[in-house]
Each structure stands twice: as structure tokens, then as C-alpha cells.
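Below: the structure, in C-alpha cells.
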2 protein chains.
Amino acid sequence: MLPWLNLGLPRTTPAQTSHALNLSSYLARLVASGQATSRSELARVTGLARSTVSEHLAPLLRIGLIAEHEAEAGARGRPPSVLSLNPQAGVILVADIGAARGRLAIADFGQHFLAERSIRTDVARGPDTVLAEVRAEFLQMLAEHQVPSGSVRLVVVGLPAPVDFASGVPVRPPIMPGWDNYPVPESFQETFAAPVLVDNDVNLMALGEARCRPASQCPLLYVKASTGIGCGIVTHDGQLHRGADGAAGDIGHVRVPGHDAVCRCGAVGCIEAFASYAAILRKAGADSGGNAVQSAEANEAQLSGLVRTAAGEIGEVIAMLVHFFNPAVIVLGGRMTQYGDEMLAGVRSVVYRRALPLATRRLSVELSTLGNRAGTVGAVVLGVEHVLSPQGLRSMML
Amino acid sequence: MLPWLNLGLPRTTPAQTSHALNLSSYLARLVASGQATSRSELARVTGLARSTVSEHLAPLLRIGLIAEHEAEAGARGRPPSVLSLNPQAGVILVADIGAARGRLAIADFGQHFLAERSIRTDVARGPDTVLAEVRAEFLQMLAEHQVPSGSVRLVVVGLPAPVDFASGVPVRPPIMPGWDNYPVPESFQETFAAPVLVDNDVNLMALGEARCRPASQCPLLYVKASTGIGCGIVTHDGQLHRGADGAAGDIGHVRVPGHDAVCRCGAVGCIEAFASYAAILRKAGADSGGNAVQSAEANEAQLSGLVRTAAGEIGEVIAMLVHFFNPAVIVLGGRMTQYGDEMLAGVRSVVYRRALPLATRRLSVELSTLGNRAGTVGAVVLGVEHVLSPQGLRSMML
DNA sequence: CAGGTTTAGTTCGGACATCGACGAAAAGAG
DNA sequence: CTCTTTTCGTCGATGTCCGAACTAAACCTG
């Protein structure tokens, strides 16, 4: 007979987190996303009794996570007290660390960036150096905006590497010598007494883009073409797919025959070796015979053409992903979207030609709406969702 | 400022299904999967009080879904009353319809196949003919095994086509003329007064394989190489990924350069056109100059070589999927696994050479453990999980 | 074989969650 | 000012879940 079947059970038993916390978390997220702004509205949306809503809202107000203020009247009856995440509930520190540059930000819970800054982060200098600079920069930003460092609720870090999300540790990063297994969370926890979340940078961008759109646009793929080529995956239910080892979305080293460029990973024919933005700049520099980037950047027309070609090659890979994953939306991001029109045209032409009509009929291919802020926005999203999760709420309520 | 962010909310509000039903469903699934066989064990596994377990078990016993019988004593204390899904609770009709042949089965809830049968199903003859034959066959099987047709609780159908799972309708099947948008569920509901689930056949196989393994082996990819090449996707949390249009996993029409075979989809260079089992048989037939399949099947050695080559080409595609999806396990199935060793060797050699070590370090590439029963087993799994879901339970309890 | 030990399952009262009903508060309409 | 409308809080009724005490059914010991 058959071995018996391990029916689809949740990985955590439902009874582990209390029902009360689940409800509070759900209410908090409804408020945070703006889908409900008053107690009655929450009751309508959730189908719960108003009294139940009030009851579960009370602890959220008590710990100051949600604030209420008077609404200016205008409608008929008693004006509701408008609910929102309390901007004063604390701040989230966010670092989107790229290979060469990083973007730091301080965000409050009211969806505002209090401060934003771009710094040099040459990851090749090693984690000790880079993270120390990030910490110093954070402290300076906090001081400048007079945010007490005690109000830091969470630190979220994006790294251009595969990350084991549970432990927050980079695993075998191809381009970051010295970062393998480096305990990034500990390095921040010495300075800030707050939990630290670490994830792949492209995952964060994908999350940011996904949350700017209606849930019907999931499953969503975010494809970033800059120095490297990577991809973030958001599934049907809005969750990031990180894969078994945190390495999902690493499409830069997909091999496309017909090219013999040597990739930094050592292999030959990786898409990243000839269709990434870095590769294009190299090519432009070489063609113009001059000294690389400077002169090449000037030659807009030539670059446009190269982007268009590269976008087509990326489109070949995307067409394959469309077959396999059948997403509702493909979002294009990364530095190559400086030439957005060319990029879009290049990708679209190939995808709609190659892929079967069924999978492309309702597929939309778009440029990133968040641009180079996708990473920081996604990090804030991850942070807010973590704080508002049942586990996050429990830790706040002691 | 930013548009506000639609935080990761569940698609259905948690308050919609009653907490009680959720618990009953969870208990039933624990019993069904054999993870708990008595009330006390359920209490230990779930962390609930024994009294609570008893309380929620009562309705499941009342409707006859779960049965208890005496355990033979042997341990110290009072022997537990052993719980199991009641085999007499009803049967599930299962049809795994392939392009040429279909596999029908009657399963009870006690993980036993009461009857199993393979029939000719030339899907090109159209849905009316094929489904009528399936229905007739089902009725005959029921009669032969003296199962009253009133005890049919569910019908599960797998089709070699993209299927919109919610409505149970095939959408734009490439190889099934006349099936587009055909209302398959209605066609069975006239005969059997039971819900009908329809899904892609490869999805069912993937589900079957996934449920035969520990949950730690998800995310899992099931790759089927027969007449066509397809792929089923099970995510980290054990759910099938069906994509935005139910077309996910359709990797047969991924284009691999360097081949100019014309595919039945009309395009050139589809992997399916030269590396599927059908293509191999064609090639073997052509090489031996004789009349195709018959003489070719005889020449084992030649076929082995062709399988090995084709497996390498499929491996190129799988390597790409490994980069993108980073699964924990790849399961190989389909008729090509008749030559399992060659297939495994061909796929492994390419995957472990092409893909980055990070994604392959813990990846295991295996042959299907269920063989040609994967589809029917997966269909039973889908059916049992549907019946034991909170929605399914509610309908049984009136 | 009587009584102790161990494990399983049931019963029951209390703590807590959720609901609906009622009433108070706060605005506009007439 | 009074009526209507909408929001929100309070309170008792109902239902869920738990733990403690109790019963049931086995084995072990002497």
C-alpha cells in the first residue's frame, strides 16, 4: 500500500498563536493599509461586532501603536474617531545596501520617510567596515532629526546576496568576499536594541512594488537589471518566495547559448555577463574606444540601442519565467530602467512573441513605479508587516 | 508622498470561517495524515486541552467522517480508542486523463484504492465523447465493486491542459480541440451528486509526490517528460502554485536555441519538440529507417542514449528553474522515466554543472516514487484535503 | 486476586471571547 | 430645539476553551 500521505498541514499549529493576537494583528494591518479608518468601518470590513472590534483595539491604543484623532465633521451623524498607525510609535531604520552604493532611510509608522540618504558602500571592503559605516550614518541621521535612538523599533537591511532570512545571514554571496555567514543582525543589535531583519535586496524591491498594487496583481515578478540581474518573486497570496536556501530569483547566471562572455561567477554565457547594465556600459566603452563609462554615458543614442538589445535578451529569460510561473505582472527595475522605454519595448517584444498567448493574455509588463526607492519602501513594508504580525504584537505587549 | 501600501492581508478575512470549523478541520487532517491516532495524542500534538479535542471531535464522529475502534492493549494504561478516517464515509472518484490514456480509480478515505483501471482517452475526440466514456466507466466500476453511487463524495479530474481551478474549466488547451471553456464539472454533476474538482494533471502529480514526502522537502518541482514536458510547482508551505491563469508549469514551450524542430504549438525550438519522449520515439523511428515506434522500442540501447541526451537538454531548463525557484527537491516523472537511470544521470550532470553551488548544495534530484500512479494519488490527496477543509466540513455538517 | 500505577477519556465549573441590544455622544436637518 | 443619523461604550447572554476532578480500562506487584 501507499505510504501515508502527509496532508497539507500548516507548518505552525494554529493553536500556537492566540486567536486574540491574530485578530488584533489583522485589525492593525487593516488600519495600517488604510482599508479602514474607524471602528465601525473595521466592523463592516471584518464582519465582527463593533464591540469586539473595540475590545481588540484597546490594547493597540494602549501600547501606542495606533492613534486616534478627531475627524472634522461633514457627514450626518457623530463623526468617527479616525484611526491610524501612530507616527510617534517609533521608527524603522532601513538600509538598502547595494554593491557600490547604499540607500539609508528612517521611516515612521505613518508611511513617511523622516530622512533619506545615499552613501558609498563598496561591499568588497568587507562587512565590518561597511556595516560600521552604516551604523555611524544611522546614528548621525537620528541625531540630525532628533529622533531618540530608543524609539528605534526595528532595523531592516537589504543585501545584494542570498540571505537565510530566518537567521539573517548571507549565504555564499558570489560578489561579497568576507560576508559569507557574517552575523549581520548581531552587528546592529549592539548599537540598537531592536530586532534586525535581513533579506535579499531584490526581494525587498519586489515586496515594495507588490504592496503598491492591488492584491489582484499577484503573483508578481520584479526583475532588476543593474550591475547584476536578479528577480524577486511574490506569490499568489502576497508572500515572498525565498526558496529552500534563500537563493530564489538568482537568474543572473542563467546561461543563454550564443554568447561567450565570461561572467564574474566564472562560468561562460551567463545572461548577466552580457545583458546587465554593467555589461552594456563596458561594451559602450569598448566600442567608443575611449575610457569607458564617462564617454559612453554621453552617447545616449548608442546606449539606447544597447539597452534595447540587452532587454531583448533579458526578455528571452523572462519569457521562460512567464511559462513557468505565469505571473500577473512583471515589474522591471534597476539602473537599466534609466532607458525605460527601450527596456520596456525590448522585453515586451520578446515576451509577447515567445510566450504562449494563454500566459500573456492578461500579463502586464511594466516599469517600476517606485524606481530606486523600491528597496527602501520594500524594507519599510517588511518592517511594518513584521511589527504588526501576531508575533511582533506579542513582543510589544510583553 | 507614496501611495499607501496594501500590507500583506489574507485574501479571505479570518473571521469568515468559524474558529470551530477551522479546529475541526485541523484535527481531522492530523488524524487523516496519521500524525495522531487518539484523542490524547491530538491534544499533545496541538497543545489543546483533551476536553477541547473531545468536544471538536464529536461532530466529526457524528457525521461518520472519523471512525474509532478499540486498540489491542499492550502498553501500560487504558488503551486509546484509535481514530482514523472512516473508510465507509464515502468514496472519491478520480480520473487522471492523459492525451492518449486515462487512469481511473475509486478511493475511499482510508487511503485505499478500491478499484483502478486504465482506459483509452483520445482527447482529440472532444470532451463530450471522452467524458461520457469516463462517466460510463465510473458507473461500471462502482457497480462491479458494489459501491452505491450515493456514497460518492467528490469527483476529481486531471486534464492535460491549463485549468482555471476555481471554475474547473480548461483554458485554451493547446492539444485538446473543443475543450476550451468546456464545463467539465457540470458534465459530472449530472451523473454524480457531488462536487467536482478539475486541475491540470501535472499539478496533481506534483501534489501527490509532495505529500509522500516530509514537508521539509518543499518547495518541490515535479517535472514530467512524456508526450509533452510539463512541470508542477509546490511552494514552501505545501500549496500548489497555479499561476495567474492556471498556466504555471507549462515549460514544454520554453525555447532552447540550437534546435530547429517545429513544435505542435507552431513555434520553433520548443524543448518539447526535440526532448520529449514522443520526440525521442520519433527520432529513434527515423534513425532506424523502419516503421517508427515498434522497431524503435526494441532497440533499448539506442533509446537509452537518446534519453540521456534529451535528459541533458531538459536539465538545461531545469538548471534555470533551480536558479529561479531554488527548490529543495526535483522529482522526475513521466514516461521517460522508463529509462530512469539515464534520465537521472542526464539531468543531474547538467544541473549540478550549470547551477550555482548555493542552489544545488542541498538540492536533491530524484525519480518519482509513485510512478504512473502519481496523478491518481495526487487527485485523491486534493480530494481528501478538500473534504477535510473547513469549507468541506461545513457542507457535510449542513 | 486485591490494590497500586499508568494512560485514556469524560464531566463540569470558571475564565474569557464574542455577540446583540441598549444607551450616550456628537453632529446635521428641519 | 427636537429629530435623525452615525459612532462608540457598556452590559448581560451565549458559547468556547481550559484545567481539575472523576471514571474507565488496562498492566504490575506482591
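What you see is a predicted model; the values in this text were computed from it and never measured.
- One finds a side-chain N or O of A:H56 lying less than 4.0 angstrom from the OP1 or OP2 phosphate oxygen of C:dT18.
- Following rounding to the nearest Å, A:L48 (CG) and C:dT18 (P) show an atom-to-atom distance of 8 Å.
- Not one side-chain nitrogen or oxygen of A:S54 sits closer than 4.0 Å to the OP1 or OP2 atom of D:dC8.
- Nucleotide D:dC8 holds its C1' atom 15 Å from the CG atom of A:L27, rounded to whole Å.
- Side-chain atoms of B:R78 and base atoms of C:dA8 include a donor and an acceptor less than 3.5 Å apart.
- Proximity of a side-chain donor or acceptor of A:S395 to a complementary backbone N or O of A:G392 within less than 3.5 Å is detected.
- Taking atom CZ on B:R50 and atom C1' on D:dA20, their separation rounds to 10 Å, with Å as the unit.
- Checked by distance alone, B:S51 brings no side-chain donor or acceptor within 3.5 Å of a matching partner on the base of C:dG9.
- Among A:L60, A:L393, A:L30, A:V387, the single residue meeting the side-chain contact (heavy atoms from CB on, under 4.5 Å) criterion with A:S25 is A:L393.
- Between A:D199 and A:R242 there is a salt bridge, since a side-chain N of the basic residue sits under 4.0 Å from a carboxylate O of the acidic one.
- Here B:H19 pairs with A:H19 under the ring-ring contact (aromatic ring centres under 6.0 Å, His included) rule; sequence neighbours left out.
- For B:T52, taking side-chain heavy atoms from C-beta onward, the closest of the listed nucleotides C:dA8, D:dC18, D:dA26 is D:dC18.
- Per the geometry, CG belonging to A:L23 stands 17 Å off P belonging to C:dC16, to the nearest Å.
- Taking all atoms of both residues into account, the shortest heavy-atom contact from B:G168 to B:P185 is O-CD, 3.3 Å.
- Here C:dG9 presents its C1' atom at 14 Å from CD of B:E55, a figure rounded to the nearest Å.
- In this structure, the CZ atom of B:R76 is 5 Å from the C1' atom of D:dC28, given to the nearest Å.
- If you check the side chains of B:E41 and B:T37, you find a donor sitting under 3.5 Å from an acceptor.
- Between B:R394 and B:S389, the side chains place no donor N or O within less than 3.5 Å of an acceptor N or O (distance only, hydrogens not considered).
- Using modelled atom types, one finds no donor on one side chain facing an acceptor on the other under 3.5 Å when comparing B:E70 with B:S81.
- Against DNA chain C, the stretch residues 36-45 of chain A makes no heavy-atom approach under 4.0 Å.
- For the 3.5 Å distance criterion, the side chains of B:S40 and B:R50 fail to qualify, holding no donor opposite an acceptor.
- Rotation axes derived from the C1' atoms of the five outermost pairs at either end of the helix from C:dC1-D:dG30 to C:dG30-D:dC1 lie 10° apart, to the nearest 10°.
- Considering only side-chain atoms of A:P79, the nucleotide from D:dA25, C:dA27, C:dA8 that sits closest is C:dA27.
- Atoms NE2 (A:H19) and C1' (C:dC19) sit 13 Å apart, rounded to a whole Å.
- Atom CG of B:L83 and atom P of C:dA8 are 12 Å apart (whole Å).
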